[in-house]
*Asks:* 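For reference, the structure I am asking about is given below.
Ligands are counted one by one from 1 in listed order, and the atoms in each one are counted from 1 as well. All values below come from the heavy atoms of this structure, side chains included, with hydrogens, waters and symmetry mates left out.
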Amino acid sequence: MIPFVSPAAAALWEWIPSDSSVVFGPLALSKQSQGVDIRHRDDTGFDASSLRSMALTDLRALSQVDALARFRPNKASPNLVRGWFYITPDAPNMDAALDALFPGGLADWYAILSGSSAPISWQQYADRQTGMYRNVATLNEPEAEDVARAGCHPRCCTRQRLWTVGERSPETTIEKSVVPCLEPCALLLELARREQKTRATEERSSVILTQSELAILDNLFTWALEHPDASLREGDLSSPGNPRRILLLREKLLPWLPANALSHAH
Ligand code: SF4
């Protein structure tokens, strides 16, 4: 029996070039003589002999936790475990492999390619929230934009954010990947809820810093982001050490950070 080939899988199989690899969310895909090689995007260029060969049945478990065995709530996060590869022989098999490693990635890629779905705006999304999330709609546009830029930062997610908020330049496939994000995810929504609640309930302080002190602060941001607390789970946004919260604070201070500190922190 000929296996069913979904239009999305057939289109992606055709789209992968024969002479180079493409970055697809946290993955790299490249055509080989035996089929399509799937691996972590940061393992592009490594000889397969230095990587572990995986079976299709191993891939879902692989995507569930990071290298420290912490649950990965966002399967588009770059924190996918490295050091493995899987050769998928045909489009239906690739469909199954991608569904295990990066659920929804292929469907969203195809939705934009085929024009069957379009991204929404932050305000449309916020306005339809209810219950504990209903107040996120009260964040003004610059506040919501700070949340989006921090929560969707390339350190946290490989999807290209196409849903819109604010006026600063949109994300590109170069800093992210060809897999789009059409509306905010649960992690982003929780970050927005915390931000709205903090702004509504906490007292503010003012502090005056010199340019040198701001440069030190930016170095501290970079250090904290590069040395995250290994005991913290990605989804634990209540912790002040969560990278998304550090990025959000940095985003708020960005207009005051010295230009020379910005260049190496981006
Ligand atoms: S909302 Fe942001 S963090 Fe969440 S999946 Fe989309 S791009 Fe990634």
*Asks:* Sequence neighbours excluded, which residues qualify as side chain to side chain contact (heavy atoms under 4.5 Å, CB included) partners of Arg60?
*Replies:* Gln64, Asp99, Ala100
*Asks:* Distance from Ser117 atom OG to Asp108 atom CG, nearest 0.5 Å?
*Replies:*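 Spacing of OG (Ser117) from CG (Asp108) equals 7.5 Å.
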*Asks:* Relative to each other, are the rings of Trp163 and Trp122 parallel, tilted or perpendicular (30° and 60° limits)?
*Replies:*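 Trp163 vs Trp122 ring planes: tilted.
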*Asks:* Distances under 2.8 Å only: what protein N/O/S atoms are near atom 6 (Fe) of ligand 1, ordered by chain and residue?
*Replies:* Cys181 SG
*Asks:* For the pair Arg159 (side chain) and Lys176 (backbone), establish whether a donor and an acceptor sit closer than 3.5 Å, ignoring hydrogens and angles.
*Replies:*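 No, because the side chain of Arg159 does not come within donor-acceptor range (under 3.5 Å) of the backbone of Lys176.
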*Asks:* Quick one: CD on Glu143 to CD on Gln196, what's the gap to the nearest 0.5 Å?
*Replies:*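 Glu143 CD to Gln196 CD: 9.0 Å, rounded to 0.5 Å.
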*Asks:* Is the Lys NZ or Arg CZ of Arg82 less than 6.0 Å from the centre of Phe46's six-membered ring, within 45° of the axis?
*Replies:* yes
